[in-house]
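Contents: one structure, followed by commentary.
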There are 2 protein chains.
Amino acid sequence: MFSIPNMSSTDDLTAKARIRDAALRLFGSAGVGRVSMQAIAAQAGVSPALIVHHFGSKDGLRRACDEHVVSMARGAPGRADAASRDAPGLAAMLEGAGAERTYLARALLDGSPAAADLFDEIVDTTTAWLAAGEQEGWVHPSEDPRARAAIYVSWLLAPLAFGAHVSRVLDDDITDFDAILRYSRHSVEMLTHGLFADERWLDAWDAVRDHRKRQAPR
Amino acid sequence: MFSIPNMSSTDDLTAKARIRDAALRLFGSAGVGRVSMQAIAAQAGVSPALIVHHFGSKDGLRRACDEHVVSMARGAPGRADAASRDAPGLAAMLEGAGAERTYLARALLDGSPAAADLFDEIVDTTTAWLAAGEQEGWVHPSEDPRARAAIYVSWLLAPLAFGAHVSRVLDDDITDFDAILRYSRHSVEMLTHGLFADERWLDAWDAVRDHRKRQAPR
DNA sequence: CACGCTACTGAACACATGTTTAGTATCCCG
DNA sequence: CGGGATACTAAACATGTGTTCAGTAGCGTG
């Protein structure tokens, strides 16, 4: 039924790939619901009918985009380096052009299964990475490593969703590498020395918990 | 031209408010583009024509939703307390029900002006708050306080966009207050003691910067 | 009561939507 | 050279879309 000759990410020039790319761009910047088949077809320089010929339906196209952008984010498997320990694909995505970024953010918001799987994978990878760091002594121990990893990942992905706003506030260009660099500096600093200089907010949190416990012993 | 008799957030029961709430819910969970006037009308128990009577157009309704959710997030002005120093409205939104949360996330992704203004405001508030903390000695000094505040805000808002995924990973209920509490625990901990126990990642960042500087002296 | 004004509806409208159908060009394999 | 896939298009189609129109019910004011 379905025969997909080549789905690699470098063959691009075939009409099918052009359609996928056009859809990715339009979906990313406007959201799936606000982009019509005809708009995608026009952008890709093909007829609307060809889209359904290749992808079955609009939702089929959307799914293909999901999987493509997810596999982009996954990038080459395994490799980890010093500057960004994450898969280089994800790093490129966090730095890179706007369309795929917002597409991925939208996919996560829409609850796309492929995107959810990606999120889980990143959490897994991060958990393992932090566990190793804990063992090697360069990561603080945690009561609930997986929960901490999940939160760290949500911070890691924050620029996907809010990058445009952050860079607007900072009056920077999101696509500029130096801006990204400056951005990450503050992140690394907060993750290394913390933001707060004493424990007052931790204490405040304890107070809230105790209050809660006493009020609703459950 | 426009006469808005009462837009307070407690009068709810009028058809106009019902429409707005229904739209908020549907827009939030599916995205504006995928929700039809008729669906909203049905959910609110009115005719589609009444929507345009009250809001002019679908986009007018969307704008009204934007402003409503933003003013919700703003909440009662000024007040700050220990557990969550942010406006209580925002705190409630970060904890609270799913529809408005994702609506706000979508509004930020879509670049809604009202949402962008809100983001800027939060950054301003946070900057001032951190500056006070710096002066009082419970916040580490920063080279670029505003940039740091912006990034902190993006982390603060991360659950808006990824809360569903985080809570899925943690197998928790997002609406459960105890889960939120546990969530925030890890955040406060990372923001207090940091995530990393030594400076290797800061050093790594410096290495990248130096490398970059030498390679592209610009 | 009469008047205007607002809230509200049912039906219709013009149009954009995703998809189908029938058909043509092109290429590959015998 | 056939012949059967595959890539692709133009046109038509059914339906869903946002919006308009004409009109009714109700309510407060002069």
salt_bridge(A/Asp178, B/Arg212) N-O dist < 4.0 Å: yes
Distance, rounded to the nearest Å, where A/Arg18 contributes CZ and D/dA7 contributes P: 13 Å
Check: A/Val70 and A/Asp117 side chains under 4.5 Å, non-hydrogen atoms: no
Atom pair distance, as rounded to whole Å: NZ in B/Lys58 and P in D/dT17: 8 Å
Selection from D/dC8, C/dT20, D/dT19 that lies nearest to any side-chain heavy atom of B/Pro48: D/dT19
Side-chain ion pair, A/Asp110 and B/Arg106, N-O less than 4.0 Å: yes
d(CD1, A/Ile40; C1', C/dA16) in whole Å: 14 Å
Phosphate-side-chain proximity, B/His53 and C/dC8, N/O vs OP1/OP2 below 4.0 Å: no
Between C1' of D/dC21 and CD1 of B/Ile51, the distance in whole Å: 17 Å
Mutual orientation of the aromatic rings belonging to A/Trp129 and A/Tyr152 [parallel < 30°, tilted 30-60°, perpendicular > 60°]: tilted
SB check B/Asp59 B/Arg62 (cutoff 4.0 Å): yes
Phosphate-side-chain proximity, B/Gln38 and D/dG18, N/O vs OP1/OP2 below 4.0 Å: yes
Contact under 4.0 Å: B/Ser36 side-chain N or O vs D/dT17 OP1/OP2: yes
Nucleotide of D/dC8, D/dT9, C/dT19 approaching A/Met37 most closely (side-chain heavy atoms): C/dT19
Nearest-Å distance for atom pair CZ/P, residues A/Arg20 and D/dA7: 15 Å
Protein-nucleotide distance (B/Arg34, atom CZ; C/dG18, atom C1'), rounded to Å: 14 Å
Distance, rounded to the nearest Å, where B/Phe55 contributes CZ and D/dT19 contributes C1': 16 Å
Closest to the B/Leu50 side chain, choosing from C/dA7, C/dT19, D/dG18: C/dA7
Integer-rounded Å distance: C/dT19 C1' and A/Asp59 CG: 14 Å
Residue A/Val52, side-chain heavy atoms: nucleotide from C/dT19, C/dT9, D/dC8 that is nearest: C/dT19
